[in-house]
Structures are given as structure tokens and as C-alpha cells.
Number of protein chains: 2
Amino acid sequence: MQRESDCERIIGTLREHGFRITPQRRRVVEIVCAADGHISAGEIYDDIHARNPQVNISTVYRTLEWLENLGLITRSDLGEGREVYEIATRGKHHHLVCDRCGAIIEVDDSILDGLREILMEKYGFRAEITHLVIHGVCKSCRENDGSP
Amino acid sequence: MQRESDCERIIGTLREHGFRITPQRRRVVEIVCAADGHISAGEIYDDIHARNPQVNISTVYRTLEWLENLGLITRSDLGEGREVYEIATRGKHHHLVCDRCGAIIEVDDSILDGLREILMEKYGFRAEITHLVIHGVCKSCRENDGSP
DNA sequence: TTGCGTGCAAAGCCTTTGCAACGGT
DNA sequence: ACCGTTGCAAAGGCTTTGCACGCAA
């Protein structure tokens, strides 16, 4: 499957560039690749720590920082102190979250094209929106509730 | 000026509702009103503490929470652990945050009109975006760096 | 062997909380 | 005088850092 090949590809890239592949680093890469979307440093640590209690959380943070600097994973700040990571190969996307039923809808990055243009034209601001979470009400909930 | 009347209006509202107006609470309200836009809890504390060293930061946090619950101020999560407050009377707006120089640019809610339309048309999703923080690079940083 | 990476412990930030004393009304 | 508020201190959650040992290459 795609996630496994992502993982092997990343490990291979690191090895080719002469980076040391330690068991800890390998586990972090595996877990991030296996994750279905975002995952936090704490979740990665819990996962590793369950099998290898000697592994320290500082190693997880250092590995994530290293992978991020290498451009192999991306970090998103979800607000409220929540920082999550995911592999960088996924197409850029964002999430709509329905506040009624909790549904999460993945939307393509292109929905932001217009907004980016406006910000550049009006403010000269180059928006770098890596991950956006938009709350609201989904279609079925609107129809069920009869709300606009 | 507007800020002063905001301040007096809030104090008056609090007093009318029977809330106790302590010097600490008064100072917090004054500082938030006097701030040009958003201000962080730490900045408020520094301001108060400079003149009244006995005032504790926990009082600042408690007062801000109280004012927020009363709907008199709003809190925005700028990401990276930065939370800022401002008086609630201001028109709906959003923030552009420059990741190079830290500048914060206030933009009107209308910049999201297009995005809201797209989400409604393509996904039937009614976006309820109360406050959006968009990271990126501001005009002057782009010009200084020569980046696009 | 060599020096990069790790575990450990401690600290750094920001924010919250328990508790006894204080002070608005 | 009452009881809501405050100051203090401590803790809590997450992340970072200094240091000496250990291990990948």
C-alpha cells in the first residue's frame, strides 16, 4: 500500500543522504507514515513508548524536528496548543468540520486560490496555508435542520 | 475617543450587573481597551505589574476568562501557543500573521465571502468562521527578501 | 574508531488551580 | 460582615536543552 512505500522511500532517502538510521528514527517514520492523516508528538511517543519504554519523548521531538527540516513531514498548528504532523507526500488539503454531526470533509487546496489572490492583491501578503480547519454545518445537517 | 468610551461602557455594564469592580479588574479592562487591537495575557500582566508589582498573573488570567465569558472581550488563538484578546465591540475581522517578522495585519471578514460561496456551492457546507488566522509572508518581508 | 544520536533530568513557557487571607459592596 | 477576589505557590501540559554515555557507520 501507499503508506508502506512512503515509509520505505523516506528511510531510503535518509540512508542515501548518509543520515544515521536508528531504531528510534525508524519507528517515528513508520508511525507517521502509518497514521491516517495527522498525528501529534504525544501520540507518536505513546505508540513507541508502549513497546519500547526506554525511548524518550525528547528523541521523538528531535526526530520530528529533523524530518520537518528535511521536508519529509509537515507540521500543522491546529490551535489551542495542538501541533500535528503528517507525511509531506500527501496532496495539500484542508478539513471542513461539521459542528453538528462531527463529520470531517477533506477539501482540495484549490478552494483557497481565490482567497490567496485577494490577500496578495489587497495586502501584498503571500498566504502559506498548510492546513486549514473550517468549522460549520454540513449539507445533510442543514437539510435535516431546515437551516439555511 | 472610542477606546475610552468602550472602557467606561464596559465598567459601567459590569457595575450595573452587580459585579465587583476591583482595581485589578479595572486595570485589565483599561489595558485591553487601550490596546491597539489584540494583546496577550503576558503583555497585560507586564503592563499592570510594572506599576503594581503585587498584582499576580493568575488574576490577569482569571479576569480575562471572566470578561470573555461575559462576551465583553474575544480571544483569538494565533497558533504557536499565542493567545490574544481584544474588546468584543470591534467588527468581525481576521488576522494575517507574518512568519518572518511577526507582524499582524487585520483584515475584514469580507475577504472570506468567496470562500464561503465555494464551500456552499461545492460541498453544501455553511462555513462558520468566527476568527481566522492566516500565516504567510507580509509585503515588506517579501520585498526585502526578494521572494515572490 | 568517531562523533552523531540518545536517555535522562531539568528547565522553560504559558496557563490553571487550591487555599487562606483580603477587601468591595 | 459576607463572600467574592486576590496573591501565593505549586502543579500541569507541552516542548526544549545540556550533558555524558552509547551506538551506527
Side-chain angles (χ1 to χ4, degrees), chain A residues 10-32 38-70 72-73 75-85, chain B residues 10-32 38-70 72-73 75-85 102 133:
Chain A
I10 289 176
I11 297 286
T13 302
L14 294 173
R15 199 187 295 285
E16 279 166 22
H17 285 71
F19 295 109
R20 292 187 184 176
I21 308 302
T22 63
Q24 293 90 332
R25 287 182 168 178
R26 176 181 289 278
R27 286 293 292 134
V28 170
V29 172
E30 284 171 357
I31 291 169
V32 175
H38 316 112
I39 187 167
S40 70
E43 288 167 340
I44 295 169
Y45 171 68
D46 289 342
D47 197 336
I48 297 183
H49 193 255
R51 286 169 166 274
N52 306 75
Q54 81 288 358
V55 174
N56 196 273
I57 195 166
S58 60
T59 299
V60 173
Y61 278 107
R62 283 187 283 229
T63 301
L64 289 171
E65 184 186 12
W66 175 69
L67 291 169
E68 188 190 359
N69 289 339
L70 293 171
L72 296 171
I73 64 174
R75 173 165 57 163
S76 304
D77 189 324
L78 299 187
E80 292 144 31
R82 290 185 299 164
E83 305 236 298
V84 292
Y85 299 83
Chain B
I10 289 175
I11 296 285
T13 302
L14 294 173
R15 199 187 294 284
E16 280 167 23
H17 284 71
F19 296 108
R20 289 189 187 175
I21 309 301
T22 63
Q24 293 91 331
R25 286 181 169 178
R26 178 180 288 280
R27 285 294 293 134
V28 171
V29 171
E30 284 172 357
I31 291 169
V32 175
H38 39 72
I39 187 167
S40 70
E43 288 166 340
I44 295 168
Y45 171 68
D46 290 343
D47 197 335
I48 297 183
H49 194 254
R51 286 171 167 271
N52 305 75
Q54 81 288 358
V55 175
N56 195 272
I57 195 167
S58 60
T59 299
V60 174
Y61 278 108
R62 283 187 284 228
T63 301
L64 289 171
E65 186 187 10
W66 175 69
L67 291 170
E68 187 191 359
N69 289 339
L70 293 172
L72 296 171
I73 64 174
R75 172 165 58 164
S76 304
D77 189 325
L78 298 186
E80 291 143 31
R82 289 189 298 163
E83 305 235 300
V84 292
Y85 299 82
V133 177

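Numbered from 1 within each chain, the chains take letters A, B, ... in sequence-line order. All values derive from a computational prediction rather than experimental measurement. FYI, side chains are in, hydrogens and waters are out, and symmetry mates aren't considered; it's all heavy atoms of this structure.
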- Task: Check whether any side-chain nitrogen or oxygen of B:Gln24 sits under 4.0 Å from OP1 or OP2 of C:dG23, and answer yes or no.
- Result: no

- Message: For a quick check of understanding: with a heavy-atom distance under 4.0 Å over all strands, which category does B:Glu65 fall into, base, sugar-phosphate or nothing?
- Response: nothing

- For the side chain of B:Arg20 and the base of D:dG4, is some donor closer than 3.5 Å to an acceptor across the two? yes

- Item | Spacing of B:Arg27 atom CZ relative to C:dG24 atom C1', expressed in whole Å | 19 Å

- Message: What I'd like to find out is whether the side chain of A:Ile11 reaches to under 4.5 Å of the side chain of A:Arg26, using heavy atoms alone.
- Response: yes

- Note on the structure: Between CD of B:Gln54 and P of C:dG23 the distance, given in whole Å, is 10 Å

- Message: In the structure I gave you, are the side-chain heavy atoms of A:Thr63 and A:Thr22 within less than 4.5 Å of one another anywhere?
- Response: no

- Would you say a side-chain N or O of B:Thr22 is under 4.0 Å from OP1 or OP2 of D:dT5? no

- Nearest-Å distance, OH (A:Tyr45) to P (C:dT6)? 14 Å

- Item | Close side-chain approach of B:Leu14 and B:Leu70, heavy atoms under 4.5 Å | yes

- Report yes if some heavy atom in the side chain of B:Asp77 is under 4.5 Å from a heavy atom in the side chain of B:Val133; otherwise report no. no

- Message: Could you tell me how far apart B:Arg25 (CZ) and C:dT25 (C1') are, to the nearest whole angstrom?
- Response: 13 Å

- Whole-Å gap separating C1' (D:dT5) and CG (B:Leu67): 14 Å

- Task: Report yes if the side chains of B:His49 and B:Val55 come closer than 4.5 Å at any heavy-atom pair, otherwise no.
- Result: no

- Message: If you assign B:Gly18 and B:Ser58 each to the DNA chain C nucleotide with the nearest heavy atom, which residue ends up on the more 5' nucleotide?
- Response: B:Ser58

- Item | Rounded interatomic separation in angstrom, taking CG from B:Asn56 and C1' from D:dA10 | 12 Å

- Message: Using heavy-atom distances to pick each residue's nearest nucleotide on DNA chain C, tell me which of A:Thr63 and B:Arg15 is more 5'.
- Response: A:Thr63

- Task: Whole angstrom is fine here: how far is it from CG in B:Leu70 over to P in D:dG4?
- Result: 15 Å

- Item | Quiz item: B:Arg62 side-chain donor-acceptor pair to D:dG7 base, under 3.5 Å | yes

- How long is the line joining CG of A:Leu64 and P of C:dT6, in whole Å? 12 Å

